[in-house]
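First comes the structure, then the notes that go with it.
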Amino acid sequence: MGRPARRGAGMAMLCTLSIFLSLLVPAHTTRSPDCGGILTPSGLRYLAEVSKPHAESVLRHDFMAPPAPDPSPISPSSRNQIISVKVDKFSLTLIPDTGMRLSIEVDLGTTSAPSTTKEMRLSILADLHVDMNPEGNLELVTSDCKPTLEEVQSTEGVTEDSKSSGSDVDKQINVEKICLEVSKLLLFPNERLMSLAAPFPITPSCQVQYLPLAAPMYSEQGIIISLQTTFQVAGTAIPLPVSPVPFSMPEPVSSSPSHLILAFSEHFYTSLFSALEESGALNVSLLSSLTTATLAERITQMGSLFQEDLPVVLQAVTRSSPHVALEEDKAIVKLFLTAQIGAGSSLFQSFLSVNVDVTARLHFSIADTRMIISVAAVEDIELSLAASDVGPVLAALLEELFLPTVREEVPAQINVVLRQGVFLPHIASFTYTDVNITIHKDYVLIPCNLQLEAKTGEASTRE
C-alpha cells in the first residue's frame, strides 16, 4: 500500500475532529464532505520557496519596464531608473483562525546617472485568505497590505536632488498597484485555484469533480479544505449512495513534515465504484477455457443445445452497486454481478444465469496526481444458480467449472478499467511526491509533498 507507516506512529499522529467539517456546511444544505485536505505550514513554506523566483520575475517585469513618456521638465539623464530587482526574502506563514501572512523584502538598484547608484529596500507585508466566490470557486483575497520603501545605501549625499530622485522611484513603483496585485506574486493565483474544481476523466464516459463546500478554515496544523465529490456519466451528474456517517477530516495532533495531507472517506470509494457501475464500466466479458463439448461431459443437456463445439463465454453485469469497506490497513470491495453463461461470439446464446459475489482486496498507490486503485487479491467468491436452460446444476459443480475463470478474469478486467487512475484534488502545475498511504477505519490518509513540475519555467510564470 505505497509505503505504509507503522500503525502506532500513524494513529498517534491523528485525532478525528468529530464536528469540524460539519461546521463548514450550512444547515440548510444536504451536501456533506466525503474528502478533504490540509495544507500544512511545511506546504506553505514550500509554496513560498517556489514562488520566490516567480515573484522576482513579476516584479522585474513591472519595475524595469520602459517608463511611460513623462512631460515633466526633468531630463532623462536625471530621472531615477530601476536597474536591478532582487527578492531577498519571501515567506508565507499561517495565522490560525484568520489566514496567511505574506512577507516580502525586495532589493532595488536604482540610478539617475551612470555614476550615481542607490539601493532601495521595498518591504511588503500582506494578509491573505482563501474565500469562496458566488460561483463556488476558491479565490485568493488580500485583506491587508502594507508596503514600505526606504533607502539602504547610496553613492551620493542626501541632497535635494537625491530626495527628488527618491520621489521618482516612488512614482515608478506604484505602491497601490502592488497591493492590488500582490497575490499574483504567488505561484498559485486564482486561475490555478479554479483548476481544483475542474472535472477529471476516469473512463471515457465517467468523470470526477471535487467541489469545495466552503472557504477553508485555518488551524495551527494548516489550511483545512472540505470537498464533496461528484461523478458524471456521459456528462450527467449521477445520484450516489448516501453516506451513513458524516465525514470529518482527520487533523494531525502535531506538526506534520508533509506538505499536504489528503483524506478520502469510505463513502468516496463506494461512490467511485457506484459511478463506474452506473457507467457500465464494471460489466465484463470473460472467456472461459471451457467449450460446449467439455461442458456436455458434465451437464448432459448441453449436447442437445449445441451441435458444434463452441467456446464458453461469461457476460457479467452488475446487479447492484458495489460496496467498499475500510478497516485498519485493509480495503475491501464487494462486487455483486450476474453472469450470463453462454456460447458463440456473434450470436451469443445463454444457457445459464449465475449470481457472482466477489470480495477482493484493494491496493492504492499514487502516480503524479492520480490515485491508482487495483484489485490486488480475491478473498471470497460465491456462485449461485439464478436460472438454467440445462436443468439443475449443483453449486459444487458451478464452482468447479466457473470459479477459476471468475477468480482470474474479474480482477484482471476491473484493473483494465482502473489502470488510468483517479485524479486527486490538485492545483495545476504541481504534482505529489514522497507519498505515504495508510488505510484506517472509514478513511484513507495520504500525506505527501508538493513538487512544482519541471516544465513550469520562466515562460509561464506570469500566468
Side-chain angles (χ1 to χ4, degrees), residues 36-60 62 85-107 121-132 137-148 175 177-196 212 215-225 251-252 254-262 425-434 447-453 456 458 460-463:
I38 302 176
L39 180 64
T40 68
S42 296
L44 278 178
R45 286 193 292 272
Y46 177 76
L47 289 176
E49 175 189 330
V50 297
S51 293
K52 184 177 177 180
H54 165 79
E56 190 169 285
S57 175
V58 172
L59 292 171
R60 185 180 295 117
D62 289 346
V85 176
K86 177 176 175 54
V87 175
D88 185 56
K89 176 185 175 184
F90 193 104
S91 67
L92 268 176
T93 54
L94 194 66
I95 307 175
D97 304 319
T98 302
M100 301 166 282
R101 177 156 292 159
L102 174 64
S103 178
I104 309 173
E105 291 185 0
V106 187
D107 292 332
R121 170 63 59 87
L122 172 65
S123 300
I124 304 170
L125 200 63
D127 289 342
L128 309 172
H129 67 276
V130 178
D131 213 343
M132 192 160 73
N137 294 315
L138 298 179
E139 62 180 8
L140 198 60
V141 177
T142 305
S143 54
D144 190 26
C145 180
K146 297 176 181 177
T148 57
V175 168
K177 182 181 178 183
I178 290 176
C179 281
L180 285 174
E181 300 183 351
V182 70
S183 64
K184 291 185 178 180
L185 300 180
L186 294 168
L187 203 53
F188 57 104
N190 291 325
E191 292 82 359
R192 282 195 168 96
L193 283 177
M194 288 177 64
S195 71
L196 180 70
M217 294 191 72
Y218 303 87
S219 74
E220 292 182 358
Q221 281 70 40
I223 303 173
I224 304 170
I225 303 174
E251 186 179 7
S254 60
S255 60
S256 169
S258 297
H259 297 162
L260 182 68
I261 302 172
L262 296 171
H426 66 279
I427 297 176
S429 300
F430 287 90
T431 187
Y432 298 139
T433 63
D434 305 315
C448 56
N449 285 337
L450 297 168
Q451 180 172 303
L452 183 65
E453 292 178 313
T456 301
E458 288 295 317
S460 62
T461 55
R462 287 192 55 80
E463 292 179 25

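With S51 contributing its side chain and L187 its backbone, the two residues share a donor-acceptor pair below 3.5 Å. Side chain of N449 to main chain of H259: a donor-acceptor pair is present (N/O by atom type, distance under 3.5 Å, no hydrogens or angles). Within the 3.5 Å criterion, the main-chain N or O of L140 finds no donor-acceptor partner in the side chain of S183.
To the nearest 0.5 Å, atoms NZ (K89) and CD1 (I124) are separated by 12.5 Å. From T431, atom OG1 reaches atom NE2 of H426 across 8.0 Å, with rounding to the nearest 0.5 Å. Rounded to the nearest 0.5 Å, atoms CG (L125) and CG (D144) are 8.0 Å apart. Of the inter-residue distances, the one linking L47 atom CG with L39 atom CG reads 5.5 Å to the nearest 0.5 angstrom. Distance check: M217 CE to I225 CD1 gives 12.5 Å after rounding to the nearest 0.5 Å. In this structure, E181 CD and L59 CG are separated by 10.5 Å, a value rounded to the nearest 0.5 Å.
Proximity of M100 to V130: side-chain heavy atoms (C-beta onward) are separated by under 4.5 Å at one or more points. The closest side-chain heavy-atom distance from D88 to R121 is below 4.5 Å. When side chains are defined from C-beta on, I223 counts as touching L44, because their heavy atoms get closer than 4.5 Å. Looking only at side-chain heavy atoms (C-beta outward), L128 and L186 come within less than 4.5 Å of each other. In this structure, Y432 and L450 have side chains that are in contact, with non-hydrogen atoms separated by less than 4.5 Å.
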Could you please spell out the steps behind the side-chain contact (heavy atoms from CB on, under 4.5 Å) verdict for F90 and L102? CA-CA 7 Å; F90 193 104; L102 174 64; 3.7 Å; yes

Audit row: V85, V106, side-chain contact (heavy atoms from CB on, under 4.5 Å) steps and yes/no: CA-CA 7 Å; V85 176; V106 187; 3.7 Å; yes

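Here the closest heavy-atom approach between residue S219 and residue P96 is recorded as C-CB, 4.2 Å. Shown here for L185 and H54, the closest heavy-atom pair between the two residues is O-CD2, 3.2 Å. The nearest pair of heavy atoms linking S42 to S258 is CB-O, 3.8 Å. The two residues P41 and L94 come nearest to each other via the heavy atoms CG-CD2, 4.3 Å. Closest approach of L260 and T40 over heavy atoms only: N-OG1, 4.4 Å. When all heavy atoms are compared, the tightest approach of L138 to M132 is CD2-CB, 4.2 Å.
Every residue meeting the side chain to side chain donor-acceptor pair (under 3.5 Å) condition with E56, not counting sequence neighbours, appears here in chain and number order: R60.
The aromatic rings of F430 and Y46 lie perpendicular to each other, with more than 60° between the two planes, well past the 30° mark.
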